[in-house]
Engineer: 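Submitted below is the structure of interest, expressed as structure tokens.
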2 protein chains.
Amino acid sequence: MDRRQRKTRAAILGAFIGLLKEKSYGKITVQDIIDAADVGRTTFYTHFETKDDLLRSLCGEIFEHVFSHDLGKEKTHDFSEEHDTRARVTHILYHLQEHMDYLPGIVSGESGEVFMAFFKEHLKGLFAHAREAEGCAVPRDYIQNHMVCDFAETVRWWTRNARYTPEEISSFFFETTPLL
Amino acid sequence: MDRRQRKTRAAILGAFIGLLKEKSYGKITVQDIIDAADVGRTTFYTHFETKDDLLRSLCGEIFEHVFSHDLGKEKTHDFSEEHDTRARVTHILYHLQEHMDYLPGIVSGESGEVFMAFFKEHLKGLFAHAREAEGCAVPRDYIQNHMVCDFAETVRWWTRNARYTPEEISSFFFETTPLL
DNA sequence: TTTGTTACCGAACATCGTGTTCTCTTTTAT
DNA sequence: ATAAAAGAGAACACGATGTTCGGTAACAAA
């Protein structure tokens, strides 16, 4: 890949992130982005199909980063299941914290749907072993959705209450679910 | 209020609901709505400020209906707290079911944010008494958000799995939370 | 019934953001 | 040195939003 391409792509993504610190995705225009990145309009559209494509690319990079060093992906650990999951959750929160400065601009509105969809997709594996409820037959689908939404919404809440540490958020999360 | 106004407003809202059964909010244009309602463009904009205003009006009507006969709003019942809440939840699900045919078009995408915000606002009172977690100090804010999101996301899941009854959904919900 | 008000129509319009297309220049690889 | 690829810049078409205006029809009160 050409050096220019890498620089341009980085400039666009960087400008996009910078703008997300100021205003939400919905209020950012392509014009804003290319002005901030100092690239031509044509250039933008050779790198990204649409504005939404840029958003999806950013989400992809975020979660590639956040889940890349996920301890639990290879099952080489000797922890109990719960301890393992707790460690992984805390770890993920730590990595998410690095993006905290621009997450508020992305987790709500139209972009929120995209962001949350990416997030939930990546989270599926994390809660695959969630306990089934005892008395009543709750469908596996429901449990899955419940856990994934619980955690994803917790993170969304965190972006509006960023004063808490990853350990605290992790505690809140595990204290309020009986399924892990 | 003029008879014409009532008819026109009803026509627009009705056409909007009809369109939501076919496609999602984001794909519906004002042109679609005024064609389906058979009203002039000007008329639309005298009744609703913007397309989003129409959406908010619809959400308002939905939740006014769904929460209007909420048993628990006047505290005249002698049930235990949990039983009371369970009855109210089931009752709400029954009323939501009446809108099930067009809810899928509204709970996702850009409109999803608006819909969920309305829903969560109305739900706040329902879970005000949710138990605090025992061991650790989980903030009241967190509990509140947790419960409200849990239920709202449960409903969203239901719109994609409408084969379940209100009682079943209610069971799933209460089986997976330790806070009620 | 007349009169004044209000709702509605419809067609045109301005505006804005998106995504495309063109020509021309600069950079890179070989 | 030269061909291929990347970018600049300006113009363009398009679609959707929301507004404006002059004319028509319904309503309500005299």
Side-chain angles (χ1 to χ4, degrees), chain A residues 1-60 105-106 108-115, chain B residues 1-20 22-61 105-106 108-115:
Chain A
M1 196 187 204
D2 202 315
R3 183 194 310 147
R4 287 172 297 178
Q5 279 195 49
R6 267 178 288 124
K7 278 180 64 177
T8 300
R9 188 187 160 88
I12 293 174
L13 279 166
F16 185 40
I17 290 175
L19 287 165
L20 282 171
K21 295 175 188 172
E22 298 168 15
K23 42 185 167 181
S24 62
Y25 175 77
K27 296 192 188 302
I28 297 172
T29 71
V30 174
Q31 196 62 46
D32 292 335
I33 297 167
I34 65 183
D35 286 349
D38 196 33
V39 299
R41 191 170 193 75
T42 5
T43 307
F44 177 89
Y45 282 105
T46 54
H47 280 264
F48 302 97
E49 286 191 10
T50 72
K51 206 180 81 170
D52 262 59
D53 185 36
L54 170 62
L55 172 62
R56 281 189 294 269
S57 295
L58 178 59
C59 288
I106 213 179
S108 295
E110 1 166 18
S111 56
E113 287 278 327
V114 175
F115 178 86
Chain B
M1 196 184 199
D2 201 316
R3 183 195 312 145
R4 288 171 295 177
Q5 281 195 47
R6 268 180 287 122
K7 277 180 63 177
T8 300
R9 188 187 159 88
I12 292 173
L13 280 166
F16 185 38
I17 290 175
L19 288 165
L20 282 171
E22 298 168 14
K23 41 185 167 183
S24 63
Y25 175 77
K27 296 193 188 301
I28 296 172
T29 72
V30 176
Q31 196 62 46
D32 292 335
I33 298 167
I34 65 182
D35 286 349
D38 195 32
V39 299
R41 190 170 195 77
T42 344
T43 308
F44 176 88
Y45 283 105
T46 56
H47 281 264
F48 303 96
E49 287 190 9
T50 71
K51 205 180 80 170
D52 261 59
D53 185 36
L54 170 61
L55 173 61
R56 281 189 294 270
S57 295
L58 177 59
C59 289
E61 301 221 346
I106 214 179
S108 294
E110 2 166 18
S111 56
E113 288 277 325
V114 175
F115 178 86

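Predicted, not measured: the structure shown is a model, and the values here were computed from it. Reminder, nothing fancy here: chain letters follow the sequence lines and each chain counts from 1.
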Engineer: My understanding is that only residues two or more places apart in sequence, or in another chain, count here; which of them pass side-chain hydrogen bond (donor to acceptor under 3.5 Å, both in side chains) with A:Arg56?
Structural biologist: none
Engineer: In B/S/- notation, 5' to 3', how is nucleotides 19-27 of chain C contacted by protein heavy atoms closer than 4.0 Å?
Structural biologist: BBBB---BB
Engineer: Write down the distance between CG (B:Asp35) and C1' (C:dG10), rounded to a whole number of angstrom.
Structural biologist: 12 Å
Engineer: With A:Lys23, which residues qualify under salt bridge (charged side-chain N to carboxylate O under 4.0 Å, His left out), at least two apart?
Structural biologist: A:Asp32
Engineer: Need two values: the first and the last nucleotide of DNA chain D, 5' to 3', having an atom under 4.0 Å from any heavy-atom of chain B.
Structural biologist: D:dA16 to D:dC27
Engineer: Hey, does B:Phe44 have a side-chain heavy atom less than 4.5 Å from the side chain of B:Leu54?
Structural biologist: yes
Engineer: Sequence neighbours excluded, which residues qualify as side chain to side chain contact (heavy atoms under 4.5 Å, CB included) partners of B:Ala37?
Structural biologist: B:Ala11, B:Ile12, B:Ala15, B:Val39
Engineer: Roughly how many Å is it from NZ in B:Lys7 to C1' in C:dA7, rounded to a whole number?
Structural biologist: 12 Å
Engineer: Sequence neighbours left out, what passes salt bridge (charged side-chain N to carboxylate O under 4.0 Å, His left out) with B:Asp2? Give chain and number order.
Structural biologist: B:Arg4
Engineer: Tell me, please, which residues at least two apart from A:Lys21 pass side-chain hydrogen bond (donor to acceptor under 3.5 Å, both in side chains).
Structural biologist: A:Asp101
Engineer: Does anything in residues 41-51 of chain B form a side chain to side chain donor-acceptor pair (under 3.5 Å)? List the pairs, not counting sequence neighbours.
Structural biologist: B:Gln31-B:Arg41
Engineer: Send over the distance from A:Ile33 CD1 to C:dT18 C1', rounded to a whole Å.
Structural biologist: 12 Å
Engineer: List for me each residue that meets salt bridge (charged side-chain N to carboxylate O under 4.0 Å, His left out) alongside B:Glu110, sequence neighbours excluded, and say none if there are none.
Structural biologist: none
Engineer: So what does A:Asp38 touch, heavy atoms closer than 4.0 Å: a base, only the sugar-phosphate, or nothing?
Structural biologist: sugar-phosphate
